[in-house]
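This report refers to the structure that appears directly beneath it.
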Protein chains: 6
Amino acid sequence: MRALLVGRFQPFHKGHLNVILKIMEEVDELVIVIGSAEKSHSIENPFTAGERILMISKALKKYNFPFYTIPIKDIEFNSLWVPYVESLTPKFDIVYSGNPLVRLLFKERGYKVKKPKLYNREKYSGEEIRKRMIKGEDWRSLVPEEVAEVIEEINGVERLKILLESDKL
Amino acid sequence: MRALLVGRFQPFHKGHLNVILKIMEEVDELVIVIGSAEKSHSIENPFTAGERILMISKALKKYNFPFYTIPIKDIEFNSLWVPYVESLTPKFDIVYSGNPLVRLLFKERGYKVKKPKLYNREKYSGEEIRKRMIKGEDWRSLVPEEVAEVIEEINGVERLKILLESDKL
Amino acid sequence: MRALLVGRFQPFHKGHLNVILKIMEEVDELVIVIGSAEKSHSIENPFTAGERILMISKALKKYNFPFYTIPIKDIEFNSLWVPYVESLTPKFDIVYSGNPLVRLLFKERGYKVKKPKLYNREKYSGEEIRKRMIKGEDWRSLVPEEVAEVIEEINGVERLKILLESDKL
Amino acid sequence: MRALLVGRFQPFHKGHLNVILKIMEEVDELVIVIGSAEKSHSIENPFTAGERILMISKALKKYNFPFYTIPIKDIEFNSLWVPYVESLTPKFDIVYSGNPLVRLLFKERGYKVKKPKLYNREKYSGEEIRKRMIKGEDWRSLVPEEVAEVIEEINGVERLKILLESDKL
Amino acid sequence: MRALLVGRFQPFHKGHLNVILKIMEEVDELVIVIGSAEKSHSIENPFTAGERILMISKALKKYNFPFYTIPIKDIEFNSLWVPYVESLTPKFDIVYSGNPLVRLLFKERGYKVKKPKLYNREKYSGEEIRKRMIKGEDWRSLVPEEVAEVIEEINGVERLKILLESDKL
Amino acid sequence: MRALLVGRFQPFHKGHLNVILKIMEEVDELVIVIGSAEKSHSIENPFTAGERILMISKALKKYNFPFYTIPIKDIEFNSLWVPYVESLTPKFDIVYSGNPLVRLLFKERGYKVKKPKLYNREKYSGEEIRKRMIKGEDWRSLVPEEVAEVIEEINGVERLKILLESDKL
């Protein structure tokens with residue numbers, strides 16, 4: 001059985017990892033859709049799709065299960081979004097998403113959908129991590145070690161701080 | 001004489017119907033532009049263009065005058081929007097719209113434009129109807145009977161409630 | 001029952017009319033998709049979507065059955081095309097098309113598809129009509145009278161001749 | 001040496017002129033990128049790219065240095081934006097911009113970037129000028145004379161007032 | 001009076017220059033539209049819009065008349081093309097073009113159009129120049145000196161030869 | 001070291017596999033770009049990006065080296081193509097491609113590029129395989145066993161035959 005998981009992963013964190021490990025107890029393969037693939041260099045979406053693919057691949061490597069990372073750009077056309085995802089991914093049997101709109105769109109196309117149990121959502125969230133990066137607080141403990149390395153390599157925290165200035169204009 | 005009427009019709013309601021019946025006293029044919037055709041499954045724009053075309057066609061059937069329903073997507077390029085509409089519609093002589101921007105754009109291209117008198121705008125508005133749907137209040141009395149049937153057939157109210165959750169994330 | 005018919009209608013001719021009259025013996029309503037809606041002013045596609053909608057509406061008026069004319073632009077993404085059509089049209093039960101690709105795409109999405117019997121295809125075809133217009137031969141007898149009137153009003157034959165020169169460059 | 005300056009110029013004002021005159025003391029040629037070229041007829045972006053090119057060209061004429069005005073539309077894809085600008089402009093050696101995001105994107109692609117000193121930013125800003133136009137206050141003193149002439153010719157102030165109504169809907 | 005001239009300028013050659021010098025005897029300012037601005041690195045369109053703007057600006061500099069170079073991408077929507085050009089250029093009074101489609105589109109929008117007399121078209125044409133570049137024959141004599149310099153600086157001839165191989169695949 | 005390999009993979013065949021196995025002797029990780037990702041259901045491009053990803057993943061599974069499959073749509077803007085690929089992929093050090101245009105574009109952006117030695121190109125090519133499928137000749141021996149299974153599961157040969165009819169219209 002193959003499952004689909006949709007997220008923006010800005011950045012990929014331990015909450016995502018936790019969800020994936022639980023899904024992998026139930027399915028054989030996982031298709032990970034990197035949403036808003038065209039977005040980067042903004043406070044909400046600091047990292048490019050390529051950078052996010054790297055984070056996920058490095059963090060999941062040791063778990064040794066088969067997964068795909070597929071970047072998918074926003075199309076601003078909700079009723080076309082599921083067929084768009086279908087055309088760019090291997091066939092899947094079930095969809096996991098915390099977002100009711102995503103679940104609604106897949107359900108209207110006949111898919112089985114499930115809401116993953118999120119693990120400590122206040123702490124393990126992209127928004128919280130980006131906030132800590134900006135404030136200079138600890139964020140490393142919220143992401144897998146390999147993700148922290150990728151972010152450091154691309155000067156991710158500095159990028160976020162520069163973007164903050166831009167936002168204030 | 002052929003008139004053009006622009007709207008999003010989310011959903012088509014008795015205020016729209018009232019405006020159309022008045023326009024039809026003055027012209028022979030009506031081109032109804034379904035704006036934001038690509039938008040659906042959001043709180044502001046819950047229904048697809050196809051669903052909106054169905055609502056309008058069913059509600060106007062009994063009045064037996066000639067009309068066209070043309071879905072037009074947003075193009076985010078205001079100075080191109082009128083030529084875009086022109087290329088997808090039969091020629092028209094006059095434009096009716098409650099929106100000053102729409103009137104300005106058509107006027108700058110040399111069209112005669114008119115502001116339709118709206119009938120009880122606070123009550124008969126898409127926003128009010130969507131609000132009542134979400135709160136579980138009476139909305140059926142604000143739309144033509146045929147529109148209520150279409151919305152029920154596609155589980156429109158449930159869709160809106162699910163979208164509301166999504167918005168809270 | 002509602003049927004869908006797909007065509008480019010460059011221009012709408014008696015072969016199209018013949019097919020539609022036969023379909024209308026079997027269904028209640030007809031959705032006519034005007035394909036390649038963005039194309040005009042070329043030898044293959046001389047007329048705008050708006051002009052084509054006008055031709056069809058005038059030619060079908062006297063038959064007095066319910067139909068919709070929906071302009072749909074090419075999206076160069078075959079696997080998304082059917083969902084794109086679905087989002088812009090009222091729900092339909094059966095698809096009529098002479099084009100095997102169109103039939104394949106709808107069939108893969110679970111639709112019932114039928115190939116309409118074409119009436120004298122060599123004579124009644126858009127290509128033949130455009131060829132006759134360019135050569136100054138009789139084309140009026142191949143299209144409904146109302147279509148000939150629309151084409152004359154917009155100087156369609158002269159447009160085609162000018163485009164021919166352009167093609168020779 | 002050739003410099004690049006990025007702005008929306010809604011409208012072009014004396015602050016812009018001041019910055020350009022200072023840049024021209026340091027470089028030989030200037031490429032002026034008219035950003036958000038597709039935007040017009042909104043309160044934030046009232047003027048078309050063509051109108052803005054005209055304002056700039058008329059205001060700079062008397063200074064007699066070589067410059068290019070290149071309209072560039074938004075592409076909603078930050079990591080592609082610099083290569084997009086590169087493909088539409090002559091090669092440049094340095095980038096001037098008051099916007100930290102623009103500076104970040106060019107810096108990540110290896111460009112030398114500089115922040116121009118703005119001259120009385122509260123007064124000489126597009127936002128302030130648009131506000132004064134709407135309120136009927138003096139705005140002419142904030143723009144070069146030639147710009148005021150262009151705005152009057154196209155009824156720019158009236159356009160802005162009509163757009164304001166639209167916004168209130 | 002302001003004229004508009006449309007071309008692809010792949011590359012800008014003495015035939016173009018000749019046409020422009022004649023137009024400048026009749027008008028005050030010239031808007032030069034660089035068509036197919038998004039195209040480059042193909043045999044038909046080897047040079048980027050930025051490179052073409054540079055060629056034109058350098059070649060026209062000594063003639064000392066006011067002109068604008070505006071890159072315009074293809075939009076595959078003929079009936080929208082003229083309004084698209086209008087939105088990105090200063091207002092113009094007359095259009096010069098050797099292409100009948102371009103003249104038809106502007107004429108249908110009410111513009112005065114003129115066909116420029118081409119000077120020795122067989123010799124001074126982009127196609128002939130690209131052919132000579134590929135065959136290693138003299139092409140320099142067909143373009144202004146400044147254009148030859150730009151092409152050499154960007155290794156234009158080598159680029160064309162590499163593209164030829166690609167085409168043979 | 002990470003390499004990038006670009007192809008359309010219509011379908012993935014033993015020639016591709018051979019190239020990949022040789023590249024993997026020289027690098028640590030491989031990014032496989034599935035080009036023309038939006039294309040499917042045509043004779044040149046019968047399979048969707050999702051189907052092609054599945055073919056590649058199944059065929060490479062047993063070799064047990066780390067690779068990424070990234071679908072990339074055509075953007076008809078050659079000078080933007082490399083930055084587009086960069087934004088959707090993890091950073092790479094070297095590019096392998098049999099196509100001179102692809103090699104030119106990456107070389108102009110400063111990448112090291114290599115032309116892979118193709119193994120029996122006349123026999124092991126997408127075109128040859130599609131031709132054999134249409135003629136009913138042996139094609140299975142030209143693709144990895146896992147690819148043949150995917151193609152059978154999706155009725156790929158029948159799809160191609162239907163498309164052929166479409167092409168004849």
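Numbered from 1 within each chain, the chains take letters A, B, ... in sequence-line order. Atom set for the values below is all heavy atoms of this structure, side chains included, hydrogens, waters and symmetry mates excluded. Please read all numbers here as calculations on a predicted model, not as lab measurements.
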When rounded to the nearest 0.5 Å, the distance separating CZ of A:R52 from CG of F:L88 is 9.0 Å
To the nearest 0.5 Å, atom CD1 of A:I70 lies from atom OG1 of F:T69 at 5.0 Å
Per-residue tally against chain A (heavy atom, under 4.5 Å) across F:A37, F:S87, F:S40 peaks at F:S87
So, the part of A:K73 with a heavy atom under 4.5 Å from chain F: the answer is side chain
Would the number of heavy atoms belonging to other residues, nucleotides or ligands and lying under 6.0 Å from [atom1] of [X] be above 12?
X	atom1	result
A:E145	CD	no
F:K58	NZ	no
F:E152	CD	yes
A:K14	NZ	yes

